[in-house]
K.L.:
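First the structure, then my questions, so here it is.
Every value quoted in this text rests on a predicted model; they were computed, and no experiment measured them. Side-chain atoms are counted along with the backbone in the values below, which use heavy atoms only and exclude waters and symmetry mates. Numbers here are sequence positions counted from 1.
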Amino acid sequence: MPSAGTSSRRAVQLAALLAMVVFFTTQLVGAVLPNVPLLVAASAGGLALDLYLQHQQPGLLSLLSKIRFDVVVRQLFRDMFIVVGLLRIDGIDPLHEHAPLTIGLLLFYVMHFACQAAGVLVRRTRQLPFVTRNIDASALRLCDAPPRFFARQHGRRMLRLAVPVTGGLLVSAVTESGWWGGVGIGIALAVVTAGTLHLATWLLPRKRVVNEQKALEWLDKWLAEYQPTVGMYFSGGTSSAYQANMWLSTLAALDGNPIIVLRERFMVQKIDATDIPIVCIPKVANLMRLEHSTLKVLLHPANSGKTSQVLRIPSIKHAFTNHGESDKLSSCNPYAKAYDEVWVAGPAARDRYQLADIGVDDRDVVEVGRPQLAPIRPYSGAPTAQFMDVLYAPTWEGWDGNPGNTSVMLAGENIVRALLADPAVRLIYKPHPMTGSVVPAAGAANQRIMAMIAEANSKRSGARPGPEAAAELARRTEELNALTTSSFRASADEIERMRLQGAPEPGRAERVEQATAAWEAAFWASLPEWEHQIVTGPRPAIFNCFNQADLLISDVSSVVTDYLSSEKPYAVANTSGMSEEEFRSGFPTVRAATILTPDASAVPELLAAVRHPEQDTLAGARAELKEHLLGPSDPPSLVRFNRAAMDLCAAAEQRQARMETRLAAELPSQREAFDAAEEMEQESGAEESVTA
């Protein structure tokens with residue numbers, strides 16, 4: 001069933017289409033009668049509607065383009081109806097006395113198409129076979145992008161330049177003077193002509209980037225100079241970048257020269273601030289050039305359809321790291337057996353793969369811990385502040401839309417209601433960013449929960465931090481944005497962004513880390529300690545929310561596993577339909593948790609156990625489960641992770657050495673066979689000559 005928002009959007013789109021039909025019909029009637037006021041009103045109204053839709057409902061205009069009723073056709077109809085009206089108005093003759101009006105109008109359309117053609121040519125010359133970031137690519141002759149109004153926005157260009165054209169012709173219809181139409185057409189023609197000529201300068205050698213062959217040669221040269229060792233390979237949709245971002249700090253801390261390999265051009269800007277060189281290679285044929293580089297290992301935080309393409313490179317070893325570990329079936333995907341190794345946090349994941357019986361050899365499973373959990377602070381006892389911070393971080397409904405995946409639909413409102421009922425609790429609500437993307441009911445429940453929190457805040461009051469706290473947060477935000485956010489002008493394309501995002505300044509990574517810590521401290525200091533919070537953006541990150549929280553309530557997900565590194569109390573909602581015994585047995589990560597039923601009746605008792613540690617009977621179980629899930633704390637996870645990476649690099653080098661030895665052994669016999677075949681061919685040619 002479509003949501004209210006979807007129904008409302010469809011109603012607006014239908015009304016817009018109906019209005020467009022009415023305007024065109026009325027314009028035609030006004031031109032044929034002729035009725036000048038009707039013609040003017042319908043023409044101006046139709047153009048205004050098109051301009052509005054171009055900005056507010058571009059999806060609707062895209063649908064019209066699919067049925068060959070695009071912006072050029074619509075504007076051509078409008079101008080044609082105006083010309084028909086002028087033909088029937090006394091005092092104006094656009095075919096004889098005022099023929100320059102018709103000729104100028106035709107020239108305007110000719111120049112529009114010429115500008116569009118130039119834009120296509122420029123865009124083609126400004127697309128390299130790869131995109132880079134954090135790499136000095138100035139040798140590729142990168143330069144600023146042309147104005148997007150002329151290069152890419154052909155729809156907006158047509159409509160905006162149609163304003164003086166249509167306006168001038170309509171004034172001519174009212175005044176019966178062709179002068180006004182000539183002025184309007186002249187303005188539009190001058191602008192589009194000047195824009196086309198300016199755009200064409202990007203086709204000259206001084207503004208053209210290198211061709212594809214030279215660009216690929218440059219990439220090979222850069223790889224040879226940089227000599228990457230371990231890289232991260234990632235491919236995904238617009239909302240999946242978090243899966244790669246969580247591994248940036250770990251990758252940067254590894255020995256050797258790390259690199260990030262992407263497949264989608266848009267993903268280059270989705271990766272968070274990092275100093276690691278990023279190379280996006282969309283085409284498979286170009287991706288294969290990595291085989292001839294020094295790259296030995298690729299880490300994979302997620303599976304995707306394009307993963308199979310890079311697995312074809314035999315000189316690179318591949319390890320699946322996943323983007324989180326949980327007891328969900330997605331953590332034991334059969335695709336994992338395609339990798340050389342599967343890196344997991346601790347013994348629990350190793351057991352999970354063997355119990356799943358999906359073909360992953362136990363010898364290929366390597367326990368490396370979760371190095372990115374280092375910023376999570378350990379449990380320090382019962383909360384001492386006036387308000388207890390409770391983090392409710394439910395997961396999403398998953399690709400199968402199973403209501404048991406997330407507590408949002410079946411238990412979320414009850415959990416939040418129970419937490420809001422405790423006057424000494426401050427709720428921090430952080431839903432999964434993909435909540436509602438598969439099941440609209442999950443999105444609707446999420447909206448109701450946020451409305452409940454807003455209503456609860458309206459009934460609370462208390463002291464608020466002074467203006468200096470807000471000023472400090474603003475200052476820290478500006479400082480962090482300056483380090484982590486790349487600002488581009490509106491016309492910038494990927495070539496211009498490559499130029500601006502060249503080799504990073506030394507020490508930037510350390511400055512980003514310090515600025516992030518300062519921003520997080522300023523963020524919490526700027527909030528009233530009694531006010532419930534909804535966190536939906538990338539800041540503060542989930543780990544920082546862990547540090548703020550005294551208690552976590554979540555679902556069966558990697559959030560639980562990561563939070564366990566703190567050994568703080570946590571609860572998991574059981575919306576699976578299983579009994580508590582079956583739930584604990586089926587999902588090892590909940591064995592040290594308080595289990596909440598959909599009615600959330602156990603929330604008051606849970607809060608009491610957090611406030612009074614002597615009532616907490618699960619502390620020992622959490623410590624034991626932590627090691628089972630995440631492995632030992634000594635040696636540190638990063639040390640184990642780095643060792644696994646170096647061991648896999650060594651395995652790749654050994655395999656390469658074996659191949660070279662085998663090839664050297666085969667070459668003599670291959671050469672002998674080639675010489676014998678060549679000798680036989682010569683003898684055969686001699687016999688044919690004698691016969692002739």
Side-chain angles (χ1 to χ4, degrees), residues 16-55 61 64 68-117 149-150 153-198:
L17 282 175
L18 182 61
M20 188 173 291
V21 172
V22 170
F23 278 130
F24 276 117
T25 304
T26 307
Q27 188 183 12
L28 178 60
V29 172
V32 173
L33 288 179
N35 185 315
V36 174
L38 191 63
L39 176 65
V40 171
S43 302
L47 180 56
L49 176 62
D50 227 332
L51 284 165
Y52 170 79
L53 294 177
Q54 192 75 35
H55 290 273
L61 297 183
L64 292 177
R68 300 297 185 267
F69 197 55
D70 60 15
V71 61
V72 176
V73 174
R74 296 194 300 273
Q75 186 57 36
L76 189 60
F77 268 107
R78 270 190 289 270
D79 290 339
M80 182 180 67
F81 290 160
I82 294 174
V83 171
V84 170
L86 292 177
L87 283 170
R88 301 181 63 80
I89 295 174
D90 294 335
I92 301 250
D93 185 3
L95 295 182
H96 297 91
E97 182 181 354
H98 299 95
L101 289 180
T102 305
I103 296 172
L105 186 61
L106 293 175
L107 285 176
F108 167 70
Y109 279 93
V110 169
M111 288 309 303
H112 167 76
F113 289 122
C115 187
Q116 192 165 339
F149 181 74
F150 295 102
Q153 296 181 327
H154 72 277
R156 293 189 179 188
R157 181 178 67 245
M158 165 57 75
L159 290 176
R160 291 179 183 179
L161 293 182
V163 171
V165 173
T166 301
L169 292 176
L170 292 178
V171 173
S172 290
V174 173
T175 62
E176 298 182 1
S177 170
W179 186 84
W180 295 104
V183 171
I185 292 173
I187 292 173
L189 191 58
V191 172
V192 72
T193 301
T196 303
L197 294 175
H198 180 57

K.L.:
Search all heavy atoms of Arg88 against all heavy atoms of Pro34 and return the closest pair with its distance.
P.N.:
O-CG, 3.4 Å
K.L.:
Between Arg157 and Gln116, is there a side-chain heavy-atom distance shorter than 4.5 Å?
P.N.:
yes
K.L.:
Strictly distance-based, threshold 3.5 Å: is any side-chain N or O of Thr102 a donor or acceptor partner for the main-chain N or O of Pro94?
P.N.:
yes
K.L.:
Okay, side chain of Ser172, backbone of Ser177: is any donor-acceptor separation there less than 3.5 Å?
P.N.:
yes
K.L.:
Run Leu17 and Leu64 through side chain to side chain contact (heavy atoms under 4.5 Å, CB included) and show every step you take.
P.N.:
CA-CA 9 Å; Leu17 282 175; Leu64 292 177; 3.6 Å; yes
K.L.:
Are Leu51 and Val163 side-chain neighbours, meaning at least one heavy-atom pair lies under 4.5 Å?
P.N.:
yes
K.L.:
Let's go through Val72 and His112 carefully: what are the C-alpha distance in whole Å and the side-chain angles of both, what is the deciding distance for side chain to side chain contact (heavy atoms under 4.5 Å, CB included) to 0.1 Å, and is it a yes or a no?
P.N.:
CA-CA 9 Å; Val72 176; His112 167 76; 3.6 Å; yes
K.L.:
Between Gln27 and Ser43, does a side chain to side chain contact (heavy atoms under 4.5 Å, CB included) hold up when you go through it step by step?
P.N.:
CA-CA 6 Å; Gln27 188 183 12; Ser43 302; 2.8 Å; yes
K.L.:
Can you tell me how far apart CG (Leu28) and CE (Met80) are? Round to the nearest 0.5 Å.
P.N.:
8.0 Å
K.L.:
Taking all non-hydrogen atoms of both residues, which atom of Phe108 and which atom of Ala162 are closest, and how far apart?
P.N.:
CZ-N, 4.4 Å
K.L.:
Are any non-hydrogen side-chain atoms of Asn35 and Val29 less than 4.5 angstrom apart?
P.N.:
no
K.L.:
Quick one: CG on Leu197 to OG1 on Thr193, what's the gap to the nearest 0.5 Å?
P.N.:
7.0 Å
K.L.:
Is it true that, when you exclude His154 itself, more than 12 heavy atoms of the residues, nucleotides or ligands shown sit nearer than 6.0 Å to its NE2?
P.N.:
no
K.L.:
Which heavy atom of Leu101 sits nearest a heavy atom of Gly178, and at what distance?
P.N.:
CD2-O, 3.5 Å
K.L.:
What is the distance from atom NE2 of His198 to atom OG1 of Thr196, rounded to the nearest 0.5 Å?
P.N.:
11.0 Å
K.L.:
Between Leu39 and Gly85, which heavy-atom pair has the shortest distance, and what is it?
P.N.:
CD2-CA, 4.1 Å
K.L.:
Only counting residues at least two apart or in another chain, list the ones meeting salt bridge (Lys or Arg N to Asp or Glu O under 4.0 Å) with Arg74.
P.N.:
Asp50
K.L.:
What heavy-atom pair brings Ala188 and Leu161 nearest, and what distance separates the two atoms?
P.N.:
CB-O, 3.4 Å
K.L.:
Nearest 0.5 Å please: distance from the CG atom of Leu169 over to the CG atom of Asp79.
P.N.:
6.5 Å
K.L.:
By the side-chain hydrogen bond (donor to acceptor under 3.5 Å, both in side chains) test, which pairs, at least two apart or in different chains, include something from residues 90-99?
P.N.:
Asp93-His96
K.L.:
Please say whether more than 12 non-hydrogen atoms of neighbouring residues, nucleotides or ligands are located less than 6.0 Å from OH in Tyr109.
P.N.:
yes
K.L.:
Start with the C-alpha distance between Leu47 and Gln75, add both sets of side-chain angles, then the distance that settles side chain to side chain contact (heavy atoms under 4.5 Å, CB included), and finish with yes or no.
P.N.:
CA-CA 8 Å; Leu47 180 56; Gln75 186 57 36; 3.5 Å; yes
K.L.:
Tell me the closest heavy-atom pair linking Leu49 and Ala16, and the distance in Å.
P.N.:
CD2-O, 3.8 Å
K.L.:
Could you check whether the rings of Phe77 and Phe24 sit parallel, tilted or perpendicular, using 30° and 60° as the cut-offs?
P.N.:
perpendicular
K.L.:
Taking atom CD1 of Ile89 and atom OG1 of Thr175, what is their separation to the nearest 0.5 Å?
P.N.:
9.5 Å
K.L.:
How long is the gap from CH2 on Trp180 to CG on Leu170, to the nearest 0.5 Å?
P.N.:
13.5 Å
K.L.:
Does the side chain of Val191 reach to within under 4.5 Å of the side chain of Phe150, using non-hydrogen atoms?
P.N.:
yes
